[in-house]
Each structure stands twice: as structure tokens, then as C-alpha cells.
Enquirer: 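I'd like to ask you about the structure that follows.
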Amino acid sequence: MNDDLDCQKYWDETSEEYQEITRISIDDFHYGPLLPGDKEVKALPEITAGMKCLEIGSGAGQNSIYLAAKGADCLATDISGEQLEHGKKIAEEAGLKLDIRRAGLDEINKQDFGTFDLIHTTWAMPFAKDQEQVIRKCAEMLNPGGWLIVTTGHPIFAGEWIMLDEFEEGLFLSNYFTPPGEVRFTKDEENFVRTQQYPISSYVNWILSSGLNLKKMLELEPIELPILSEEEIVQRTPYDSPVWRDMYKQIKNVPFVVTYMAQK
Ligand SMILES: C[S@@+](CC[C@H](N)C(=O)[O-])C[C@H]1O[C@@H](n2cnc3c(N)ncnc32)[C@H](O)[C@@H]1O
């Protein structure tokens, strides 16, 4: 189980490089690497002026900044102060208001944070200590009719990619029910964080037993990278980096993320 201090240390020292090598647009809502943004997917609920939104594990909160541009009242939270500082700067440069607060995923609760019309998170849940509890607490924090949008690591992609022969690559997943986690070390190798994916049915049942109605699930396919111009790539995907482009063949064949959209 991850310690918040380990998550903070790892992400504080990773933040600069993450924000530098990853193009994360504030002009669209991203679901994951090389995936079409919401302008194309059109899955987000209607964003209205004054709508209260909370992002957890926000990083620099580019998705929150996108919602703020539509008039939403956005709070971005993350364990890493460095990540949030990037967000503050990006929002200021765009002339948009973004509230930030340093908080771990497992710390979020109604008493300290209040209630919201939309709670969203993109690829941060695998770092939480207790993902089921986080879902339950988010459900408690939603106003009636409010939305929870969770994009997290797809349990199948948690397997290991291996070459079957010179030409064919495939996934080896030793255990779908407890997919292997990824371990990431801090620079001094004294601390580490481990990610944990869960079966689709676990997430669906956590959402349903929190009293939310599951409205939609997404397993998005990436944009057609090889046939698009650079301009089209920038226009169609809000989240991109050279590392992800190298992994295109893999994420084209197996979804890297899964998105759950639920309403109270
Ligand atoms: C892959 S990044 C994604 C950031 C952002 N959601 C995005 O889409 O760019 C994972 C984020 O989770 C945050 N994180 C990791 N462990 C956390 C924890 N225990 N509590 C809150 N945030 C955490 C990291 O600081 C990092 O910003």
C-alpha cells in the first residue's frame, strides 16, 4: 500500500519532466494518451457556468482548466505541490481561475471539501491506498444529479508485453483478478510507489454500491497516428508525448485506460 509521502516525493521530483515532455492541452478534456479528447468523444455532461467541479490526482489540472474556461468553478487537488504549481502557472497564463489544494486521494472527504456537481480524475486512482473508499467518499460529496468521472488504468493493460516471435507482440496477464502493479522508484531509490489496477467488475460494483447510477463506460481507441499530419494529431488528441507515440501499437490493440461515468 502506498504511503502519501512516497507518492509526494516521487511526483514532486517527476513533475518537471512529466509536464515538459507531455503535451496536455487545456483546450480539450483528455481521457488518456493519444486518445481523442471530449470535443470528439462528446461524453462529458453539459458544463454550465458556476458548476462546482473537483479534480482529484489532478497533476497540473489541465482538465480542470478546460472546465474553468467553460465557466465552471474548479478545484484541483493533488499530493504533489510541484504538479499543482504547474497548474497555477498554466491557469494564470490562460487568464483563468483555478483553485488548488494539496491533498491525497485518500484524504478527500465531504466534511473538509464540501459538495460538488462534478468530480473527475484521470489516471491517478492506481496510486490510492483504498480505491473503493475513494469512490464511496466521492459519491458522498456529489450533489443530487452530480457526476463522477473516473478514468483509470485498464486492468488488462497491466499485463506484461512480450514478443511472441520476431513479428508478433502480445500481452501476458498472469492474473486478471489481481493484475500486477507497476513499481516506480524515487531518484535516490530509497522510496517507491506501486500502482494497482482492479477488474472492471470491482469498479462497477463499487460505483453501484455507492448509490450512483453508472451511465457510460469508455474504452477509447487512439487516433490513427500513422495516417495523420502533425497538425491533425495536435487538433485531435489533447494528451501526447514521444513516449506514448512509441507505444502506439500497444495502445491501439488494448485499451490503456477505462473511464466510468456515473451520476447521483
Ligand atoms: C499520471 S499523473 C496524472 C495527472 C493528471 N490527472 C493528468 O491527467 O495529467 C498521476 C497524478 O497522480 C498524483 N498522485 C499520485 N499519488 C497520489 C495520491 N496518493 N494522492 C493524490 N494524488 C496522487 C500525482 O502527483 C500525479 O499528478
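Position 1 is the first residue of the sequence, and the numbers go up from there. Order of listing sets the numbers, starting from 1, for every ligand and every atom in it.
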Enquirer: If the plane angle is over 60° it's perpendicular, under 30° parallel, otherwise tilted; pick one for Phe127 and Trp123.
Expert: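 Geometry flag for Trp123 against Phe127: perpendicular rings.
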Enquirer: Counting heavy atoms only, which of Val134, Asn2, Leu105 comes nearest to atom 20 (N) of ligand 1?
Expert: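 Among Val134, Asn2, Leu105, the closest heavy atom to atom 20 (N) of ligand 1 comes from Leu105.
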Enquirer: Give a yes or no on whether Glu182 atom CD has more than 12 heavy-atom contacts from other residues, nucleotides or ligands under 6.0 Å away.
Expert: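 Yes.
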Enquirer: Nearest to atom 9 (O) of ligand 1 by heavy atom, Trp11, Trp123, Tyr18, Tyr10: which?
Expert: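 Shortest heavy-atom distance from atom 9 (O) of ligand 1: Tyr18.
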Enquirer: Give the residue, atom name and distance (to 0.1 Å) of the protein heavy atom nearest atom 23 (C) of ligand 1.
Expert: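 Ranking protein heavy atoms by distance from atom 23 (C) of ligand 1, first comes Ile79 CG2, 3.4 Å.
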Enquirer: Salt bridge check: are Arg136 and Glu140 linked by an N-O gap of less than 4.0 Å?
Expert: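 Judged by the 4.0 Å cut-off on N to carboxylate O distance, Arg136 and Glu140 do form a salt bridge.
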Enquirer: Would you confirm whether the ring centroid of His120 sits within less than 6.0 angstrom of the ring centroid of Phe29?
Expert: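 Yes: the rings meet the under 6.0 Å criterion.
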Enquirer: Compute the minimum heavy-atom distance from Ala103 to ligand 1 and say whether it is under 4.0 Å.
Expert: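 In this structure, Ala103 qualifies as a contact of ligand 1 - some heavy atom is under 4.0 Å.
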Enquirer: Closer than 4.0 Å to some heavy atom of Asp4 - which atoms of ligand 1 meet that?
Expert: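 In order of number, 19 (N).
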Enquirer: Going by distance alone, is a donor N or O of one side chain under 3.5 Å from an acceptor N or O of the other, for Tyr239 and Gln62?
Expert: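 Result is no, nothing qualifies.
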Enquirer: Decide whether Tyr31 and Asp38 meet the rule of one side-chain donor and one side-chain acceptor closer than 3.5 Å.
Expert: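 Yes - a donor-acceptor pair under 3.5 Å links their side chains.
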Enquirer: Within less than 4.0 angstrom of ligand 1, does Ala128 place any heavy atom?
Expert: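 Not so, Ala128 does not reach ligand 1.
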Enquirer: Quick check on contacts: which atoms of ligand 1 are under 4.0 angstrom from a heavy atom of Gly104?
Expert: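 Checking each atom against Gly104, I get 20 (N), 21 (C).
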Enquirer: Among His30, Glu107, Gln8, Gln83, which one puts a heavy atom closest to atom 8 (O) of ligand 1?
Expert: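 Answer by nearest heavy atom: His30.
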Enquirer: Under 3.5 Å between some N or O of ligand 1 and some N or O of Asp78?
Expert: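 N/O-N/O distance below 3.5 Å exists for this pair.
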Enquirer: Is any NZ, NE, NH1 or NH2 atom of the basic residue among Glu230 and Arg245 found under 4.0 Å from an Asp or Glu carboxylate oxygen of the other?
Expert: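 A salt bridge links Glu230 with Arg245.
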Enquirer: Could you tell me which atoms of ligand 1, counted from 1 in the order shown, lie closer than 4.0 angstrom to a heavy atom of Ile24?
Expert: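 Listed by number with element, the hits are 9 (O).
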Enquirer: Are the charged groups of Asp4 and Lys129 less than 4.0 angstrom apart, N to O?
Expert: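 Salt bridge between Asp4 and Lys129, a charged N being under 4.0 Å from a carboxylate O: yes.
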Enquirer: Tell me which protein heavy atom sits closest to atom 5 (C) of ligand 1, plus the residue, atom name and distance to 0.1 Å.
Expert: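 Protein heavy atom with the smallest distance to atom 5 (C) of ligand 1: Ser58 O, 3.2 Å.
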Enquirer: Check ligand 1 against Ser80 and write out every atom of the ligand that is under 4.0 Å from a heavy-atom position of the residue.
Expert: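 Those atoms are 25 (O).
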Enquirer: Taking the basic N atoms (NZ, or NE/NH1/NH2) and the acidic carboxylate oxygens, is any pair closer than 4.0 Å for Lys9 and Asp188?
Expert: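 So Lys9 pairs with Asp188 through a salt bridge.
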Enquirer: Which residue holds the protein heavy atom closest to atom 12 (O) of ligand 1, what is that atom called, and what is the gap in Å?
Expert: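 Going by distance alone, atom 12 (O) of ligand 1 is nearest to Ala124 CB, 3.5 Å.
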Enquirer: What about Thr122: any of its N or O atoms under 3.5 Å from an N or O on ligand 1?
Expert: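 Yes, Thr122 has an N/O under 3.5 Å of an N/O on ligand 1.
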Enquirer: Tell me which protein heavy atom sits closest to atom 16 (N) of ligand 1, plus the residue, atom name and distance to 0.1 Å.
Expert: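 Its nearest protein heavy-atom neighbour is Phe127 CB, 3.2 Å.
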Enquirer: Suppose we screen for salt bridge (Lys or Arg N to Asp or Glu O under 4.0 Å). Which residues come up paired with Asp78, at least two apart in sequence or across chains?
Expert: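 Partners of Asp78 under the salt bridge (Lys or Arg N to Asp or Glu O under 4.0 Å) test: none.
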